[in-house]
Amino acid sequence: MEFLAGEYQVAVVGAGHAGIEAALAAARLGCKTVVFTINLDAVGNMPCNPAIGGTGKGHLVRELDALGGEMGKAADACCIQYRMLNRGKGPAVHSLRAQADRRRYQTYMKHTLERQENLDLVQDTVVALGIEHGRVSGVVTALGARYLAQVVILATGTYLDAVTITGSCITPSGPDGMHPATGLSEQLRRLGLPMRRFKTGTPPRVNRRSIDPARMELQPGDPQPEPFSFSTRKAVYNQAVCYLTYTNGETHRIIRENLDRSPLYDGTIQGVGPRYCPSIETKLVRFPDKPRHQVFVEPCGLDTEEMYLQGLSSSLPLEVQIAMVRTIAGLEHAQLMRPAYAIEYDCIDPLALLPTLACKHLPGLYGAGQFNGTSGYEEAAVQGLVAGVNAALAIQGRPPMIITRDMGYIGALIDDLVTKGTDEPYRIMTSRSEYRLLHRQDNADRRLTAIGAKVGLVNPARLAEVEEKYAQVDREIRRLEHTGVAQSQALNQMLTQASTAPVSGSARLADLLRRPQIHYADLAPFDPGRPNLPPAVAGQVEIQLKYAGYLVRQQQQVEEFRREESRPLPPDLDYNAIGGLRLEARQKLSQIRPASVGQAGRISGVSPADIGVLLIYLEQQKE
């Protein structure tokens, strides 16, 4: 028998990375919020690699932080090794990645939820949504508790009807042996939501005592690591090292001889897996001529000997996993503490969602994270914040927060999901942003802090700090543009040593800094009027001067994008009544209901010719 256990404005189902940010955002915006988790010890769990950031993902963490999210702060409190990826390339693709102490991160996030005003944390399994008058009215739990709520956010991760698979062992289970969430998926299907089955996986974990680091390549952290959060004042530092080793011909022989026992290839696994984070079996099938594959050996924390073998995701039987691991240099005597497994789970087709992450056809329901078809902690976290903010704004009768793709990686991710959909677990990459030189991780605060302040997640003092930071940048750029330096032996010697042409007569400091070989610090001895700038400000000055022409060009592209986005499409437009539209375009436009001409043009199956027909029709209707 059900009983009324509480009444809330927002109910969040799941306390992983999406659920945490959703619950915190809603509560911090003043909504009475409850967040449910199957197990309190799984709050903020990292069942895959215990790391934050990476290529493209580091951009998401910085953008989340600028908007007022928690992940960047948690990372700086709990990470044990920092590395800036892609330093050999331009600043657009520099991406921070840090190895986290898994249990410390969980403790930090659980305690953050417990201390948050307007927020209750509950251990129970949500088995059904309450529905009244065609909209969501709350949730029902396995323990018979009914909670009323104006909005429900589903952040169910990989738990919905989940099964884990290792060889022929198929177990109804969530990650790390947790209970799966059963019952809710079936109700969502009955309600007409387009559900699908995805798959992901994890590698084996081994005991540090059983490995030989001397046979591996050392992977140290950065000498001067940078934090994730713009508001972190305390220096972050490295407390651990990682290692790199490789598979080999013998590893590959064992895997190939057992492919018929792989659930991926014997028909056991039906869910669609991630293309950009494949299992070791898939790597061998997809790249048969590649002689070796990287295996990163990374610590799970400071208070454990458990090491994570990134790159060996698998669902092969346990005895095959042991054999293949022990063929790898440094792992010849490895003792497996946790075998690798695949996990299948239910999620929604994100084409059923609006850019606010609200469900189009079931009012009061929002989705976030892997429930929306994405993979990765960072992708989940940013969706959680967007869903939590928009749920709160809707309850308060305020305009929604729409992060569009011209504003950053968060916008590109959400726009890709709700406009193009995804047939596999979606992962962010720098190539997904057409404006990536503008959307660098280093300037996320300039791009998004004001938005966070407008909705109420960033306090005015923090906004003022950001505004002053970029005022300093602008002042210094103007000064460098109007400050010259005369030819001198010391100056030309410095330029020659940097492999660039010497100065004849004089030169502006800005012009010297635009040279690829010259950095801001190089000019200090020749610039007596230079102000004492923080490193972050100096870095912005250098980037903006060096890439000024490219930045102007991308800004022009953004303006063109915004012009197309500013041409709205009526939400009730009958596309079937528009002569000249191809059948596929009519179907896709009717399904997705784009908000603008720009969004319509990004829909797969809608051609430039279809957009031309649509524009002519809109002009005729206007006349």
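Since the structure is predicted, the reported quantities are computational estimates derived from the model, not experimental observations.
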Item to check | Trace of the side chain to side chain donor-acceptor pair (under 3.5 Å) decision for Asp76 with Thr232 | outcome: CA-CA 7 Å; Asp76 290 340; Thr232 295; 2.5 Å; yes
Can you see which heavy atom on [X] is nearest to which on [Y], and at what distance?
{"X": "Glu344", "Y": "Ile165", "value": "OE1-CD1, 4.0 Å"}
{"X": "Cys78", "Y": "Tyr108", "value": "SG-CB, 3.7 Å"}
{"X": "Gln99", "Y": "Ala51", "value": "OE1-CB, 3.8 Å"}
{"X": "Cys300", "Y": "Pro50", "value": "CA-CG, 3.9 Å"}

Ionic contact status for [Y] with [X], cut-off 4.0 Å:
{"X": "Arg189", "Y": "Asp346", "answer": "yes"}
{"X": "Arg196", "Y": "Glu424", "answer": "no"}
{"X": "Lys110", "Y": "Asp41", "answer": "no"}
{"X": "Glu7", "Y": "Lys32", "answer": "no"}
{"X": "Glu378", "Y": "Arg427", "answer": "no"}
{"X": "Glu2", "Y": "Arg146", "answer": "yes"}
{"X": "Lys73", "Y": "Asp65", "answer": "yes"}

Next on the checklist: Using the rule side-chain contact (heavy atoms from CB on, under 4.5 Å), only one of Leu318, Leu331, Val325 pairs with Pro204; which is it?
Outcome noted: Val325
Are a donor atom and an acceptor atom from the side chains of [X] and [Y] found within less than 3.5 Å of each other?
{"X": "Asn45", "Y": "Tyr105", "value": "no"}
{"X": "Arg197", "Y": "Gln270", "value": "no"}
{"X": "Gln187", "Y": "Arg190", "value": "no"}
{"X": "Ser173", "Y": "Thr171", "value": "no"}
{"X": "Gln310", "Y": "Asn49", "value": "yes"}
{"X": "Asp161", "Y": "Thr182", "value": "no"}
{"X": "Gln383", "Y": "Asn372", "value": "yes"}

About how many Å separate [atom2] of [Y] and [atom1] of [X], when rounded to the nearest 0.5 Å?
{"X": "Cys31", "Y": "Gln9", "atom1": "SG", "atom2": "CD", "answer": "4.5 Å"}
{"X": "Ile255", "Y": "Ser262", "atom1": "CD1", "atom2": "OG", "answer": "9.5 Å"}
{"X": "Ile410", "Y": "Glu63", "atom1": "CD1", "atom2": "CD", "answer": "4.5 Å"}
{"X": "Leu264", "Y": "Ile280", "atom1": "CG", "atom2": "CD1", "answer": "12.0 Å"}
{"X": "Leu362", "Y": "Leu353", "atom1": "CG", "atom2": "CG", "answer": "11.0 Å"}
{"X": "Leu64", "Y": "Leu60", "atom1": "CG", "atom2": "CG", "answer": "8.5 Å"}

Over 12 foreign heavy atoms within 6.0 Å of [atom1], [X]:
{"X": "Arg209", "atom1": "CZ", "answer": "no"}
{"X": "Asn459", "atom1": "CG", "answer": "yes"}
{"X": "His179", "atom1": "NE2", "answer": "no"}

Checklist entry - What's the verdict on side chain to side chain contact (heavy atoms under 4.5 Å, CB included) for Val152 and Val136, showing C-alpha distance, side-chain angles and the deciding distance? => result CA-CA 7 Å; Val152 174; Val136 170; 3.3 Å; yes
Next on the checklist: Run the side chain to side chain contact (heavy atoms under 4.5 Å, CB included) test on Thr356 and Val389 for me, step by step, so that the C-alpha distance in whole Å, both residues' side-chain angles and the decisive distance to 0.1 Å come before the verdict.
Outcome noted: CA-CA 9 Å; Thr356 59; Val389 166; over 6 Å; no
Under a 3.5 Å distance rule, please check whether [X] uses its side chain to pair with a backbone N or O of [Y] as donor and acceptor.
{"X": "Thr141", "Y": "Ala145", "answer": "yes"}
{"X": "Asp101", "Y": "Arg104", "answer": "yes"}
{"X": "Glu379", "Y": "Tyr426", "answer": "no"}
{"X": "Glu21", "Y": "Met71", "answer": "yes"}
{"X": "Asn207", "Y": "Gln335", "answer": "no"}
{"X": "Arg115", "Y": "Leu113", "answer": "no"}
{"X": "Asp222", "Y": "Met84", "answer": "yes"}
{"X": "Arg62", "Y": "Asp445", "answer": "no"}
{"X": "Ser95", "Y": "Leu85", "answer": "no"}
{"X": "Thr166", "Y": "Cys169", "answer": "no"}

Next on the checklist: Tyr159 vs Gln370, test: side chain to side chain contact (heavy atoms under 4.5 Å, CB included). Steps then yes/no.
Outcome noted: CA-CA 10 Å; Tyr159 283 85; Gln370 286 179 282; over 6 Å; no
Checklist entry - Which is it for Thr202 and Ser313 under the side chain to side chain contact (heavy atoms under 4.5 Å, CB included) test, yes or no, and what are the steps along the way? => result CA-CA 5 Å; Thr202 67; Ser313 177; 5.7 Å; no
Checklist entry - Hey, what's the ring geometry for Tyr147 with Tyr8, parallel, tilted or perpendicular (30° and 60° as the breaks)? => result tilted
Next on the checklist: Does the plane of the ring in Phe228 sit parallel, tilted or perpendicular to the ring in Tyr82? Use 30° and 60° as the thresholds.
Outcome noted: tilted
Checklist entry - Is there a side chain to side chain donor-acceptor pair (under 3.5 Å) between Ser314 and Glu281 once you walk through the steps? => result CA-CA 7 Å; Ser314 178; Glu281 304 98 285; 3.1 Å; yes
Checklist entry - Do Gln123 and Asn39 touch side chain to side chain, with heavy atoms closer than 4.5 Å? => result yes
Checklist entry - Val386 versus Val382: any side-chain heavy-atom pair under 4.5 Å? => result no
Next on the checklist: Against the six-membered ring of Tyr308, is Arg338 placed for a cation-pi contact (under 6.0 Å from the centre, within 45° of the normal)?
Outcome noted: no
Checklist entry - For Glu298, which of Arg97, Arg102, Arg208 qualifies under salt bridge (charged side-chain N to carboxylate O under 4.0 Å, His left out)? => result Arg97
